[in-house]
A.B. asks: 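Input: one structure, supplied below.
When reading the values below, keep in mind they use all heavy atoms of this one structure, side chains included, and skip hydrogens, waters and symmetry mates. This structure is a prediction, so every number in the text was calculated from the model and none was measured.
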Amino acid sequence: MELARLSLAPFHSLHKPTSLGGNARKFRVVCLSGANSDSSKMIVSITGATGFIGQRLVQKLIADDHQIRVLTRSKSKARVVFPEQKYGAIKIAEEGEWENCVRESTAVVNLAGMPISTRWSSENKKEIKQSRINTTSKVVSYINKVSADSRPSVFVSATAVGYYGTSETQRFDETSPSGNDYLSEVCREWESKALEVNKDVRTVLIRIGVVLGKDGGALAKMIPLFMMFAGGPLGSGQQWFSWIHLDDLVSLIYESLTNPSYKGVINGTAPNPVRMSEICSHLGQVTGRPSWLPVPEFALKAVLGEGASVVLEGQRVIPTRAKELGFSYKYPYVKEALRAIIDEM
């Protein structure tokens, strides 16, 4: 169970390819000359499009007739997620084609990054950081190379609530300083690289919390344990759990793409964070299973070593900026979010 201190989504499930199954719609191929005939329609290049969040974002954008460029390291793996017969209008581009895709795009979304749900060796920690920084650096470089009159107008880049460090007592919003641990450092450098984009490009950094949805993220690992009567809080259960429903996060990203008022740092979390024990209690209620069996701290450290800190520590993050902007949450409370997810399963 990878209930992330940095955030499960940007550090685990953003980039992992999984099948979309039979719910995907079929779309006809549209030939593009570089400019979109409808000025309200976007051409969006996306890294991490095959992941948990990326897939849902692609679906939402396609439903509104926007054009998609999937920036991937493996075209064959991306085609498993976005099969030709159902997603023929999507252009899938390996790294050698990224620059051309960015050049013809009106917007870019950066969601990629290596998982952190492993034992942290020095080599793994280096890769966790570099996978984020290197991808962001490439995308920013390609945006900056485009001439000013045709450069993408907006850049939305994922980061994570791990920026703030951890605390059982503090309350963090977008104005709070960064923490002083390893994952805070990763986020600072990740964000810093994104902010090297040309200042004419409207830039949104979304610090994502733990993303809840039926097809991935934290719940994909938690629900089976509860169904086997083996679910319960990790460690003390007192660590904060700053969460967001997948649908709300995708809507926040979409709004960031389309609404010029959205700029700078925005916390991608629900307005009502909870402690670990509370979310486990609610999950037990909606699944009709007990939530009394905690996973002891020593067991997690035995498996994950230093990486256990991801699930044993948390932070209370408030989405002040999203609320100021008037963003409307479909699921502001965790019990409602969990009930909706379980009802879909």
A.B. asks: Mind checking what makes side-chain contact (heavy atoms from CB on, under 4.5 Å) contact with Ser137, not counting sequence neighbours?
C.D. replies: Lys193

A.B. asks: Using side-chain contact (heavy atoms from CB on, under 4.5 Å), reason through Ile244 and Leu212 one step at a time and then give a plain yes or no.
C.D. replies: CA-CA 6 Å; Ile244 187 169; Leu212 304 182; over 6 Å; no

A.B. asks: Cut-off 3.5 Å, side chains only: do Gln67 and Lys41 have a donor facing an acceptor?
C.D. replies: no

A.B. asks: Within the side chain of Asn144, is there an N or O that forms a donor-acceptor pair under 3.5 Å with the backbone of Asn198?
C.D. replies: yes

A.B. asks: Are any side-chain N or O atoms of Asp173 and backbone N or O atoms of Thr175, one a donor and one an acceptor, separated by less than 3.5 Å?
C.D. replies: yes

A.B. asks: Test question: given the 4.5 Å side-chain rule for I, L, V, M, F, W and Y, name all other residues clustered with Val140, or answer none.
C.D. replies: Leu71, Trp98, Val102, Val108, Val139, Tyr142, Ile143, Phe155, Val197, Val201

A.B. asks: Would you find more than 12 non-hydrogen atoms of other residues, nucleotides or ligands less than 6.0 Å from Asp343 atom CG?
C.D. replies: yes

A.B. asks: Assess whether side-chain contact (heavy atoms from CB on, under 4.5 Å) is satisfied between Leu338 and Tyr333, documenting all intermediate values.
C.D. replies: CA-CA 9 Å; Leu338 293 173; Tyr333 296 98; over 6 Å; no

A.B. asks: Please identify each residue that fulfils side-chain hydrogen bond (donor to acceptor under 3.5 Å, both in side chains) with Arg316, with sequence neighbours left out.
C.D. replies: none

A.B. asks: We want to know whether Arg188 and Ser178 form a side-chain donor-acceptor pair, criterion being a heavy-atom distance below 3.5 angstrom.
C.D. replies: yes

A.B. asks: May I ask you to decide if Trp190's main-chain N or O and Thr136's side chain share a donor-acceptor pair within less than 3.5 Å?
C.D. replies: no

A.B. asks: Under the rule for salt bridge (charged side-chain N to carboxylate O under 4.0 Å, His left out), what residues qualify as partners of Arg202, not counting sequence neighbours?
C.D. replies: none

A.B. asks: May I ask you to say whether Arg207 pairs ionically with Glu191, meaning some side-chain N is under 4.0 Å from a carboxylate O?
C.D. replies: yes

A.B. asks: If the condition is side-chain contact (heavy atoms from CB on, under 4.5 Å), which residues does Ser261 pass it with, not counting sequence neighbours?
C.D. replies: Asn259, Leu325

A.B. asks: Between Val210 and Phe241, what is the shortest heavy-atom contact and its length?
C.D. replies: CG1-CZ, 3.6 Å

A.B. asks: Whether Glu94 and Arg73 form a salt bridge (side-chain N of Lys/Arg under 4.0 Å from carboxylate O of Asp/Glu) is what I want to check.
C.D. replies: no

A.B. asks: Give a yes or no on whether the backbone of Tyr164 and the side-chain of Gln315 come within a donor-acceptor separation of less than 3.5 Å.
C.D. replies: no

A.B. asks: In chain order, what residues pass the side-chain hydrogen bond (donor to acceptor under 3.5 Å, both in side chains) check against Gln130, with sequence neighbours excluded?
C.D. replies: none

A.B. asks: Under 4.0 Å between a Lys/Arg side-chain N and an Asp/Glu carboxylate O for Glu97 and Lys75?
C.D. replies: yes

A.B. asks: Looking at every non-hydrogen atom in both residues, tell me the closest pair between Cys101 and Ala93 and how far apart they are.
C.D. replies: SG-CB, 3.5 Å

A.B. asks: If every non-hydrogen atom of Val44 is compared with every non-hydrogen atom of Ile46, which pair is closest and at what distance?
C.D. replies: CG1-CG1, 3.8 Å

A.B. asks: Are Ser74 and Ser76 close enough that a side-chain donor and a side-chain acceptor fall under 3.5 Å?
C.D. replies: yes

A.B. asks: Specify the closest pair of heavy atoms between Met42 and Thr258, including all atoms of both residues, with the distance to one decimal.
C.D. replies: CE-CG2, 3.8 Å

A.B. asks: Is there a side-chain contact between Val81 and Tyr87 in this structure, where contact means two heavy atoms from C-beta onward sitting under 4.5 Å apart?
C.D. replies: no

A.B. asks: Restricting to non-hydrogen atoms, name the atom on Phe82 and the atom on Ile90 that form the minimum distance, rounded to 0.1 Å.
C.D. replies: CD2-CD1, 3.9 Å

A.B. asks: Scan residues 255-265 for pairs that pass salt bridge (Lys or Arg N to Asp or Glu O under 4.0 Å), counting only residues two or more places apart or in two chains.
C.D. replies: none

A.B. asks: In chain order, what residues pass the side-chain contact (heavy atoms from CB on, under 4.5 Å) check against Ser150, with sequence neighbours excluded?
C.D. replies: Val146, Ser147

A.B. asks: Report, one line per pair, each donor and acceptor closer than 3.5 Å where one atom sits in a side chain of residues 245-253; sequence neighbours left out.
C.D. replies:
from   : atom 1 : to     : atom 2 : distance (Å)
His245 : ND1    : Asp247 : N      : 2.9
Asp247 : OD1    : Arg56  : NH1    : 2.3
Asp248 : OD1    : Lys330 : N      : 2.8
Asp248 : OD2    : Lys330 : N      : 3.4
Asp248 : OD2    : Tyr331 : N      : 3.0
Ser251 : OG     : Asp247 : O      : 3.0

A.B. asks: List for me each residue that meets salt bridge (charged side-chain N to carboxylate O under 4.0 Å, His left out) alongside Lys323, sequence neighbours excluded, and say none if there are none.
C.D. replies: none

A.B. asks: Just verifying a value: how many Å separate Thr159 OG1 and Ile208 CD1, rounded to the nearest 0.5 Å?
C.D. replies: 8.0 Å

A.B. asks: Can you list the steps and then say if Phe172 with Val161 is a side-chain contact (heavy atoms from CB on, under 4.5 Å)?
C.D. replies: CA-CA 9 Å; Phe172 302 101; Val161 295; over 6 Å; no

A.B. asks: Apply side-chain contact (heavy atoms from CB on, under 4.5 Å) to Leu195 and list each qualifying residue two or more places apart in sequence or on a separate chain.
C.D. replies: Thr203, Leu205

A.B. asks: Would you say Glu123 has more than 12 foreign heavy atoms packed within less than 6.0 Å of its CD?
C.D. replies: no

A.B. asks: List the steps, then state whether side-chain contact (heavy atoms from CB on, under 4.5 Å) holds for Ile206 with Ser256.
C.D. replies: CA-CA 9 Å; Ile206 301 183; Ser256 297; 3.8 Å; yes

A.B. asks: Which pair of heavy atoms, one from Val317 and one from Ser242, lies closest together, and at what distance?
C.D. replies: N-OG, 3.0 Å

A.B. asks: Start with the C-alpha distance between Lys138 and Glu95, add both sets of side-chain angles, then the distance that settles salt bridge (charged side-chain N to carboxylate O under 4.0 Å, His left out), and finish with yes or no.
C.D. replies: CA-CA 9 Å; Lys138 286 179 183 178; Glu95 288 190 59; 2.2 Å; yes

A.B. asks: Does the side chain of Arg151 reach to within under 4.5 Å of the side chain of Asp200, using non-hydrogen atoms?
C.D. replies: yes

A.B. asks: May I ask you to decide whether Arg69 forms a salt bridge with Glu104, counting only side-chain N to carboxylate O separations under 4.0 Å?
C.D. replies: yes

A.B. asks: Please table the atom pairs, donor to acceptor, closer than 3.5 Å between any side-chain atom in residues 268-279 and protein atoms at least two apart or in another chain.
C.D. replies:
from   : atom 1 : to     : atom 2 : distance (Å)
Asn272 : ND2    : Pro332 : O      : 2.9
Arg275 : NH1    : Gln238 : O      : 2.5
Arg275 : NH2    : Glu168 : O      : 3.3
Ser277 : OG     : Gly237 : O      : 3.3
Glu278 : OE2    : His282 : NE2    : 3.4

